[in-house]
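Following: one structure in structure tokens, then a few remarks.
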Amino acid sequence: MTSLPKQTDRKLGLVIDLDTCVGCHACVISCKGWNTENYGAALSDTDPYGAEPSGTFLNRVHSYEVQPASGAAQLVHFPKSCLHCDNAPCVTVCPTGASYKRVEDGIVLVNESDCIGCGLCAWACPYGARELDALEGVMKKCTLCVDRIYNENLPEEDREPACVRTCPAGARHFGDFADPDSNVSRLNRDRGGIDLMPEQGTKPVNKYLPPRRKDQTAEIDVLAPFLEPVAEDAKGFMAWLDKTLEKF
């Protein structure tokens with residue numbers, strides 16, 4: 001079995017804002033694209049255009065309708081991928097040492113050349129974050145785009161996970177939780193970030209920011225400043241058009 005490091009130099013991970021996520025699946029598509037074209041073996045698809053399509057995805061988005069004790073129901077979009085847990089059971093059950101947690105940054109990875117596809121790590125993970133690639137016969141999981149975040153051939157602004165870089169709503173944030181002044185540490189502290197299923201004792205690095213009650217949030221019309229009239233009295237063609245339309 002594989003042992004876990006007592007501590008890591010850094011704790012790289014994600015903060016996911018459930019109040020901001022719109023469920024567009026852009027993170028799912030960008031993750032699939034980047035990991036199919038780059039890190040390790042491609043993420044396979046079987047019968048993609050047939051009656052029973054199936055594929056390997058490292059990131060998925062689930063949507064739930066939530067009914068608060070009082071107030072209106074609301075739709076919550078819930079992205080899910082590997083949480084890179086400090087006490088990762090997927091690592092300690094691996095019989096070949098293929099699953100491991102890196103000392104330098106805390107990222108949990110799979111050495112695909114040592115993976116025998118036994119599925120023990122998938123059974124041990126309480127979050128369902130691991131997937132067995134049917135064609136490759138090895139276990140797949142989120143790598144935090146380790147081949148991207150350290151790639152000096154990329155512009156500095158692109159050295160973050162593909163899902164974070166792609167999210168149009170800015171709901172995903174990447175950084176070092178070991179640094180109390182990092183963006184993810186501040187977000188987690190200021191917005192009351194929560195662990196997913198803390199009762200499992202896995203100590204996930206990734207955090208979720210809880211959604212706010214929509215019926216208690218003041219409605220903001222973001223277009224209002226652009227809809228204010230720029231002139232009280234129309235002139236020229238617009239004045240003629242106004243007068244003409246008034247006749248109808």
Side-chain angles (χ1 to χ4, degrees), residues 1-18 21 27-28 31 35 56-62 64 76-112 114-133 138-146 149 161 163-164 171-180 182-189 191-211:
M1 304 298 178
T2 312
S3 60
L4 289 164
K6 293 183 179 179
Q7 65 179 26
T8 60
D9 298 334
R10 295 197 293 166
K11 293 177 64 174
L12 298 184
L14 302 176
V15 166
I16 300 176
D17 191 347
L18 300 181
C21 177
C27 56
V28 177
C31 172
N35 287 282
T56 305
F57 291 84
L58 309 185
N59 183 46
R60 296 179 183 271
V61 178
H62 306 281
Y64 304 93
V76 175
H77 304 290
F78 195 93
K80 186 189 71 176
S81 60
C82 175
L83 303 173
H84 300 276
C85 304
D86 282 336
N87 187 24
C90 60
V91 170
T92 55
V93 301
C94 181
T96 67
S99 292
Y100 63 100
K101 187 175 180 69
R102 291 167 35 127
V103 175
E104 58 266 40
D105 51 26
I107 299 177
V108 176
L109 294 176
V110 177
N111 187 340
E112 295 177 4
D114 293 336
C115 178
I116 60 176
C118 66
L120 283 175
C121 58
W123 296 336
C125 176
Y127 308 112
R130 293 200 170 208
E131 297 200 12
L132 181 66
D133 191 295
V138 296
M139 198 59 65
K140 299 284 190 173
K141 62 175 297 299
C142 164
T143 67
L144 279 182
C145 290
V146 68
I149 61 177
C163 62
V164 176
R172 305 175 73 92
H173 308 269
F174 170 69
D176 183 8
F177 285 92
D179 178 4
S182 69
N183 62 323
V184 290
S185 293
R186 293 197 304 269
L187 275 170
N188 184 50
R189 191 167 52 242
R191 289 278 307 280
I194 58 175
D195 289 347
L196 183 59
M197 299 167 60
E199 67 277 5
Q200 296 293 325
T202 59
K203 299 180 180 179
V205 172
N206 288 5
K207 307 298 181 185
Y208 288 91
L209 304 182

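Sequential numbering from 1 along the given sequence is applied to the chain's residues.
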Just jot down the side chain to side chain contact (heavy atoms under 4.5 Å, CB included) partners of Thr202, sequence neighbours excluded, or say none.
-> Cys85, Pro89, Pro126, Tyr127, Gln200, Pro204
Can you check whether Leu109 reaches Tyr100 side chain to side chain, under 4.5 Å on heavy atoms?
-> yes
Do Leu12 and Ile149 have side chains that get closer than 4.5 Å, going by heavy atoms?
-> yes
State, yes or no, whether a side-chain contact exists between Asp195 and Lys207 at a heavy-atom distance under 4.5 Å.
-> yes
So do the side chains of Val110 and Arg130 get within less than 4.5 Å of each other, counting heavy atoms only?
-> yes
Judged by atom type as modelled, is there a donor-acceptor pair below 3.5 Å linking the side chain of Glu131 to the main-chain atoms of Phe57?
-> yes
Not counting sequence neighbours, which residues clear side chain to side chain contact (heavy atoms under 4.5 Å, CB included) with Asn87? List them please.
-> Leu4
Going by the side-chain contact (heavy atoms from CB on, under 4.5 Å) test, name the single residue among Val205, Val91, Asp86 that passes it with Val108.
-> Val91
dist Leu144:CG -> Asp105:CG (nearest 0.5 Å) comes out at 8.0 Å
Intermediate values then yes/no, side-chain contact (heavy atoms from CB on, under 4.5 Å), Cys27 and Arg172 | CA-CA 9 Å; Cys27 56; Arg172 305 175 73 92; 3.7 Å; yes
Please lay out, stage by stage, how Asp17 and Arg191 fare under the test side-chain contact (heavy atoms from CB on, under 4.5 Å).
-> CA-CA 9 Å; Asp17 191 347; Arg191 289 278 307 280; 3.1 Å; yes
Within-4.5 Å side-chain heavy-atom neighbours: Leu18 and Pro210 = no
Minimum side-chain heavy-atom gap Asp133-Glu112 below 4.5 Å = no
Looking only at atom types and distance, does a side-chain atom of Asn188 sit under 3.5 Å from a main-chain N or O of Val184, one as donor and one as acceptor?
-> no
Is any side-chain N of the basic residue among Asp176 and Lys11 closer than 4.0 Å to the acidic one's carboxylate O?
-> no
Any donor and acceptor pair, going by atom type alone, linking the side chain of Asn59 with main-chain N or O of Pro79 inside 3.5 Å?
-> no
Are any non-hydrogen side-chain atoms of Arg102 and Arg10 less than 4.5 angstrom apart?
-> no
Residues two or more places apart in sequence or in another chain: which of them pass side chain to side chain contact (heavy atoms under 4.5 Å, CB included) with Pro5?
-> Thr8, Lys101, Val103
Relative to the ring of Phe78, is the ring of Tyr208 parallel (under 30°), tilted (30 to 60°) or perpendicular (over 60°)?
-> parallel
Interatomic spacing from CZ in Phe174 to CG in Asn206 - rounded to 0.5 Å = 10.0 Å
How many angstroms lie between atom CE of Met139 and atom CG of Leu120, to the nearest 0.5 angstrom?
-> 8.5 Å
From Cys121 SG over to Lys141 NZ, what is the distance, rounded to the nearest 0.5 angstrom?
-> 9.5 Å
May I ask you to decide if Leu58's main-chain N or O and Ser81's side chain share a donor-acceptor pair within less than 3.5 Å?
-> no
Answer yes or no: are there more than 12 heavy-atom neighbours, outside Gln7 itself, under 6.0 Å from its atom CD?
-> no
